[in-house]
Amino acid sequence: SSCELDIALCLDSMASSYQGLQNYSEAMSFYEEALNFKRACLPDNHPHIAKSLNLIGIVHLLNKDTEKALNFYLSSLEMYQASLPEGHPD
């Protein structure tokens, strides 16, 4: 897939709208597609990828799948921490 971060942003917006409508399967689908675009364009530990993981975790939580949500939250946190500049006070 091509490097089109604007497409990822639109997909995130669509996902958020479906999430607001409580259509979590569609929200998940759009968040995952956005994540794929971001992974194609950005370095592995980029904060935009971490944000996508966090958003997917939220949808899992709304679907009452707390364990999956926690896994995505943890991955997101680790990615955010890895993206901090050297010597940054966590």
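Across every non-hydrogen atom of A8 and A34, the tightest pair is O-CB, 3.6 Å.
Identified under the side-chain hydrogen bond (donor to acceptor under 3.5 Å, both in side chains) test for residues 39-50, with sequence neighbours left out: none.
Note on Y80 and L42: separate hydrophobic clusters, where clusters join Ile, Leu, Val, Met, Phe, Trp and Tyr whose side-chain heavy atoms are under 4.5 Å apart, directly or indirectly.
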Got a list of side-chain donor-acceptor pairs under 3.5 Å for residues 51-71, not counting sequence neighbours?
residue	atom	partner	partner atom	Å
S52	OG	K38	NZ	2.7
D65	OD1	K68	N	3.3
N71	ND2	E67	O	3.4

Side chains of residues 17-25: which donor-acceptor partners sit under 3.5 Å, not counting sequence neighbours?
residue	atom	partner	partner atom	Å
S17	OG	S13	O	3.1
Q19	OE1	Y31	OH	3.0
N23	OD1	S25	OG	3.3
N23	OD1	E26	N	3.2

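Here the straight-line distance linking atom CG of L5 with atom CG of L11 works out to 11.0 Å at 0.5 Å rounding. Distance check, rounded to the nearest 0.5 Å: CG of N36 to CD1 of I7 gives 12.5 Å. Remark: L9 CG to F37 CZ distance equals 12.5 Å, nearest 0.5 Å. For the atom pair L77 CG and M79 CE, the distance stands at 11.0 Å (nearest 0.5 Å).
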